[in-house]
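Computed over heavy atoms, backbone and side chain alike; hydrogens, waters and symmetry mates excluded. Sequence lines set the chain letters: A, B, ... in the order given, protein chains first and strands last, and positions in each chain run from 1.
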Amino acid sequence: MKFFFHLGQYFLVMQQVFKRPDKFRIFHQQAVKEVQLLGLESLGIVSIISVFMGAVVTIQMAFNIDSPLIPLYTIGFATRQSVVLEFSPTIISLILAGKVGSRIASEIGTMRVTEQIDALEIMGVNTANFLILPKIAAAIFINPILITLSMVLAIFGGWAIGTLTHLVTSHDFIYGIQSFYRSYDIVYAEIKTVVFAFLITSISGYYGYITKGGAQDVGTASTKAVVQSSIFIILFNLILTQLLLND
Amino acid sequence: MIEVQNLTKRFDGKEVLKNISATFRKGMTNLIIGQSGSGKTVLLKCIIGLYAIDEGKVIFDERCFGDMSLKEQKNLRKEFGMLFQGGALFDSMTVEENVMFPLTMNTDMTYDEKLERVNFCLKRVDLEGTNKLLPSQLSGGMIKRTAIARAISLNPQYLFCDEPNSGLDPKTTNVIDKLIREITKEYNMTTIINTHDMNSVMEIGDTVAFIYKGELWWTGDNTNILSSDNEELNDFVFATKLTRKLRS
């Protein structure tokens with residue numbers, strides 16, 4: 001029952017969120033600020049995780065391909081496929097759900113418990129729209145860029161570890177990552193990224209927006225935002241994969 | 001003038017405000033007093049429309065809030081100024097940006113016009129030169145004064161103050177009380193103040209409404225509150241050693 005209560009309330013909040021902003025200039029300023037806060041400030045963690053993730057994937061591929069019948073370029077090919085199809089869009093989105101989601105929920109939740117949202121309402125501002133829509137717009141814009149960067153860095157990480165440890169030659173790895181290329185794989189990954197960006201920001205925004213009480217409740221809202229965002233990312237990952245990759 | 005007619009508010013079926021009727025007059029500081037948990041803040045939030053009321057009416061100069069469309073309610077709110085208990089300043093914005101915010105959202109003024117208005121409001125509350133400070137760099141009294149500057153930036157017809165003196169020392173309390181009273185007279189606003197500070201009641205209580213367990217228990221002003229024979233009111237008014245001493 002609680003799930004349906006929250007689902008209904010979530011859609012009611014989203015109804016307010018997706019209304020025409022009161023002032024487009026302010027909305028634009030807010031969105032640019034959010035691109036900085038939610039996106040650019042995540043560059044560091046995304047870069048580090050991507051490089052190491054790509055490296056680990058390459059090592060695992062190399063150790064699992066021990067048959068002489070399988071060409072070595074398969075390591076590059078498999079690394080690229082794993083990174084593009086799953087690791088970058090899903091794992092990095094899960095990381096962002098933790099970093100960005102908790103930030104959004106605690107920021108909006110604190111504004112709620114310190115009556116800043118009430119103050120905005122008194123000024124005639126559509127608070128859900130003012131607070132949540134710029135974050136959604138910013139994430140939908142910046143996350144695909146972050147994920148694309150993650151793909152590049154992960155493949156670079158794989159190439160670097162593969163060649164440095166002589167698991168694969170640079171030529172084989174590069175040949176592998178160029179083999180059997182389908183541009184649709186990138187489209188699929190970017191579609192997932194956009195959906196996950198929406199889920200992270202809207203769910204976290206919702207939990208922050210409905211916060212009641214004090215500091216402890218802000219903490220609870222923040223935790224719920226991360227947990228629910230992560231669950232829905234996993235769920236939608238399955239749904240989208242089924243829809244987009246099922247020929 | 002604001003008229004509250006037979007206002008009832010329930011939370012989860014429990015009546016928090018019971019059939020309250022009161023009139024708050026223009027150009028006066030109208031005080032709502034009562035113990036913590038008596039329903040003062042809920043009443044104020046019902047009046048300004050932050051809580052939907054279950055029964056009754058709130059009428060702003062012959063305009064019934066409940067009968068208005070959402071757009072009309074939004075426009076009416078532009079005539080409101082609100083001072084929240086903790087100030088509710090936007091902590092990511094400077095003092096200047098806080099005071100400018102209502103002007104940015106609700107007017108088409110140029111930046112220079114807005115800045116001029118901001119400086120005027122800050123001067124009015126004796127906060128000249130604090131434009132670039134963040135709320136975290138302000139004292140309790142300065143936060144309240146910035147919140148007052150923000151509340152009056154749009155030249156409101158109605159000013160609402162929720163416990164404006166909570167957490168302040170007696171001297172700063174007097175400064176804030178005096179400021180609210182001066183602004184009320186100056187702009188001929190209808191001001192409603194929630195408080196449990198008896199000093200404020202005696203200083204600026206042009207009209208006083210005493211709320212007890214969600215009901216309007218007594219109405220009067222600062223000239224007759226000390227001589228009332230209402231038992232619950234007297235319990236509240238003479239609750240401190242100081243006021244009991246003054247009475248004897």
Side-chain angles (χ1 to χ4, degrees), chain A residues 1-2 5 9 12 15-16 19-38 41 103-104 106-135 138 208-215 218, chain B residues 11 41-42 44-45 47-52 68 70-93 97-111 135-136 143 146-148 150-154 156 158-163 166:
Chain A
M1 282 306 285
K2 216 172 177 182
F5 168 78
Q9 208 176 21
L12 287 175
Q15 206 180 349
Q16 292 303 311
K19 282 193 173 166
R20 193 176 171 274
D22 293 321
K23 296 250 172 174
F24 262 103
R25 196 172 54 82
I26 304 290
F27 168 73
H28 181 255
Q29 282 174 358
Q30 294 273 100
V32 170
K33 200 175 102 187
E34 296 299 342
V35 165
Q36 159 77 23
L37 294 173
L38 305 181
E41 288 189 5
R103 187 185 197 287
I104 292 174
S106 52
E107 180 192 325
I108 298 178
T110 304
M111 287 186 78
R112 171 66 78 191
V113 300
T114 55
E115 296 183 311
Q116 292 177 48
I117 293 182
D118 289 346
L120 283 169
E121 296 220 347
I122 290 298
M123 293 172 202
V125 175
N126 175 350
T127 51
N129 172 280
F130 180 78
L131 295 170
I132 303 174
L133 190 61
K135 295 183 196 317
Y209 194 74
I210 61 156
T211 305
K212 280 179 190 163
V218 174
Chain B
F11 285 117
T41 300
V42 176
L44 198 68
K45 288 192 172 179
I47 292 171
I48 59 181
L50 283 179
Y51 288 155
M68 290 178 174
L70 284 175
K71 199 178 174 185
E72 286 170 331
Q73 287 181 354
K74 197 176 162 182
N75 284 332
L76 178 65
R77 278 183 169 162
K78 290 175 187 171
E79 298 175 27
F80 292 1
M82 175 93 192
L83 173 59
F84 286 89
Q85 200 168 346
L89 297 181
F90 306 126
D91 39 26
S92 60
M93 296 183 191
E97 288 165 343
N98 264 285
V99 181
M100 198 179 276
F101 188 81
L103 300 169
T104 305
M105 293 307 290
N106 295 307
T107 70
D108 293 320
M109 291 163 87
T110 64
Y111 177 78
S136 57
I143 286 175
T146 307
I148 293 173
R150 185 177 68 181
I152 62 169
S153 64
L154 274 175
Y158 312 98
L159 180 65
F160 305 96
C161 308
D162 188 15
E163 313 244 4
S166 68

Side chain to side chain donor-acceptor pair (under 3.5 Å) pairs, two or more places apart, involving residues 25-36 of chain A | A/E34-A/K135
Residue B/D91 versus chain A: region with a heavy atom under 4.5 Å | both
Of all heavy-atom pairs linking A/A119 and B/F84, the shortest is CA-CE1, 3.4 Å
Find out whether A/K23 and B/T104 are in side-chain contact, i.e. whether some heavy atom of one side chain is under 4.5 Å from a heavy atom of the other.
-> no
What distance separates B/M82 CE from A/D118 CG, expressed to the nearest 0.5 Å?
-> 7.5 Å
Euclidean distance, B/M105 CE relative to A/I26 CD1, rounded to 0.5 Å | 6.0 Å
Would you please indicate yes or no on a ring centroid separation below 6.0 angstrom for A/F130 and B/F101?
-> yes
Looking only at heavy atoms, what is the nearest atom pair of B/R77 and A/E121, with distance?
-> CD-O, 3.5 Å
Counting heavy-atom pairs under 4.5 angstrom with chain A, the leader among B/L83, B/L89, B/D162 is B/L89
Just how far is it from atom CD1 of A/I122 to atom CZ of B/R150, taken to the nearest 0.5 Å?
-> 10.5 Å
Among residues 109-116 of chain A, residues within the sub-4.5 Å heavy-atom range of chain B, in order of number, are A/M111, A/T114, A/E115, A/Q116
Atom group of B/E79 that falls short of 4.5 Å from chain A, counting heavy atoms | neither
